[in-house]
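Each remark here refers to the structure printed beneath this line.
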Protein chains: 2
Amino acid sequence: MAKKKLNIEKDTTTEDRIKASARAVFHRKGFAATRTRDIAEDAGINIALLNYYFRSKENLFQIIMLETMSRFLLMMSDFLNDEKSSLDKKVELVASNYIDFIMIEPDIPIFMLNEIRNNTESLLNKLPIKDIILNSAFFSQHRELVAKGKIKEPNPLHFLMNMLSLVVFPFIAQPLLKAISETDDKAFKELMQERKKLIPIWIKAMMKAG
Amino acid sequence: MAKKKLNIEKDTTTEDRIKASARAVFHRKGFAATRTRDIAEDAGINIALLNYYFRSKENLFQIIMLETMSRFLLMMSDFLNDEKSSLDKKVELVASNYIDFIMIEPDIPIFMLNEIRNNTESLLNKLPIKDIILNSAFFSQHRELVAKGKIKEPNPLHFLMNMLSLVVFPFIAQPLLKAISETDDKAFKELMQERKKLIPIWIKAMMKAG
DNA sequence: GTCTATAGGGGGATAGAC
DNA sequence: GTCTATCCCCCTATAGAC
């Protein structure tokens, strides 16, 4: 233990190493609590070089934030727009893939939601969020099923909220839930694996009920 | 508009006014992004006085954090331990009251979850979280219904997660959801009102399904 | 491109008058 | 108790050598 693994690979450019470190530290601590020193140390360089490449902490943050959000959005778009699959299948896709994604990068959800709160829309307006989500196959399929009477609650926003809630929230509340239930890391991961199968079943039951 | 309402009431003690301001600012911006100057200004006093009463920013934060978490825990405990009501009824209680609570103080959930992430358990261990939640009537009722075959998924943690997810997550993701769907504040509040009735119905359907 | 040294400023905390 | 003035550290950013 001890000795943290630093991000000093020889086969990447300095710029990329700084970005990788910035991403890691920003995601873990958020903008305000992050010091450029931490990023520089993690990347194995000094602050001067960081500013040489990225001008300022603020600017570096904007770059990371934009990339992280684009990545998230692109992933969502892929799942929600797959024309071939049914709505049920899409729920399975989102649950399974998104849980896998968050397991690998557990800091991203709370990081994004927290920074969005502060940046109040400045960033949100730079991305075509509305187009991607609202015009997705996911939403039009939902509309069809509502028309056919297969789904009771007609508002697609409730549907989207429910799906994201059940998938994402347990990770955001992870420390609290662990403390409540004396669950260790291994057991928690198993719970999340179970949810990959359970969430689609639950969602299906909800659609019929209310 | 303009002119922010400052917290300068004559009928409270200075100490209480500082605490009220600290609570407001910490909740909104988190520990790292908060400056003691902001708190002092909001309370209508200066930093010297803040340190006279509370010694340090860190100490003031600990006090606020502990109070906020205690308050949250006490509320949960009240809902989950009401011996008279059925499990279904408890779900209604939590959904309805907790949504009302968050509407009044929308910053609390993400504030708590975010600061818990940084403080890593130091604070969680000061509170009797486990006892209050795990030994609650809520959990024993859940166990009974599992035994009777009325609930399919036996793990009470899934049940707790689902309930909290459906209630809390939409508020945490509020800015994102608003951006996605072009929902304004009024419409969003109506959605949350609808959820007070919908969540208990959904939960009931989920229990039977998986 | 990368470093050392340092400027510049902001923010938490304290001394001391009232 | 409350204020003004000030200290001092830490952090971002830049100047300038290599």
Side-chain angles (χ1 to χ4, degrees), chain A residues 4 6-67 111 114-115 118-119 122-123, chain B residues 4 6-67 111 114-115 118-119 122-123:
Chain A
K4 248 190 303 183
L6 299 189
N7 178 23
I8 322 182
E9 312 287 329
K10 286 292 176 218
D11 55 351
T12 50
T13 67
T14 302
E15 189 172 349
D16 283 341
R17 277 191 290 122
I18 296 173
K19 270 177 68 171
S21 296
R23 189 172 297 118
V25 180
F26 278 139
H27 282 182
R28 181 152 29 83
K29 311 215 285 187
F31 177 78
T34 292
R35 301 174 310 158
T36 50
R37 283 168 158 75
D38 297 333
I39 298 173
E41 190 196 350
D42 186 82
I45 50 103
N46 56 43
I47 314 176
L49 202 54
L50 186 151
N51 282 290
Y52 168 75
Y53 279 107
F54 296 100
R55 282 205 337 275
S56 71
K57 174 189 177 183
E58 176 68 32
N59 186 52
L60 176 54
F61 177 77
Q62 295 290 344
I63 292 170
I64 297 298
M65 184 73 180
L66 200 66
E67 284 187 7
F111 164 78
N114 208 40
E115 299 297 339
N118 307 330
N119 266 285
S122 51
L123 251 176
Chain B
K4 247 190 305 183
L6 299 189
N7 179 23
I8 322 180
E9 311 288 328
K10 286 292 176 217
D11 55 351
T12 49
T13 67
T14 302
E15 189 172 350
D16 284 341
R17 278 191 290 122
I18 296 173
K19 270 177 68 171
S21 296
R23 188 172 297 116
V25 181
F26 278 138
H27 282 183
R28 181 152 30 83
K29 309 215 285 187
F31 177 77
T34 292
R35 300 176 311 158
T36 50
R37 286 170 159 75
D38 296 334
I39 298 173
E41 190 195 349
D42 186 83
I45 50 104
N46 56 42
I47 314 175
L49 202 54
L50 186 151
N51 282 290
Y52 168 76
Y53 279 107
F54 295 100
R55 282 206 336 276
S56 72
K57 175 188 176 183
E58 177 67 34
N59 186 52
L60 176 54
F61 177 77
Q62 295 289 345
I63 292 170
I64 297 297
M65 184 73 179
L66 199 64
E67 284 187 7
F111 164 78
N114 208 39
E115 299 296 339
N118 307 330
N119 266 285
S122 52
L123 250 176

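Basis for what follows: all heavy atoms, side chains included, without hydrogens, waters or symmetry-related copies. Letters A, B, ... are given to chains in the order of the sequence lines, protein chains preceding strands, and every chain is numbered from 1.
In this structure Lys57(B) satisfies the salt bridge (Lys or Arg N to Asp or Glu O under 4.0 Å) test with no other residue, sequence neighbours excluded. Evaluation of the side-chain hydrogen bond (donor to acceptor under 3.5 Å, both in side chains) rule for Asp38(A) yields Lys29(A), Arg35(A) as partners, not counting sequence neighbours. With sequence neighbours left out, Glu67(B) forms a side-chain hydrogen bond (donor to acceptor under 3.5 Å, both in side chains) with Lys19(B), Arg23(B). The side-chain hydrogen bond (donor to acceptor under 3.5 Å, both in side chains) search around Arg37(B) returns none, not counting sequence neighbours. Looking at residues two or more places apart in sequence or on another chain, you find a ring pair (Phe, Tyr, Trp, His ring centres under 6.0 Å) between Phe61(B) and Phe26(B), Phe31(B).
Between the CG atom of Asn59(B) and the C1' atom of dA13(C) there is a distance of 13 Å, given to the nearest Å. If you measure from atom CG of Asp16(A) to atom C1' of dG1(C), you get 15 Å, rounded to the nearest angstrom.
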Nucleotides 2-18 of chain D: protein proximity per nucleotide (B base, S sugar-phosphate only, - neither; heavy atom, under 4.0 Å): BBB------BBBBB---
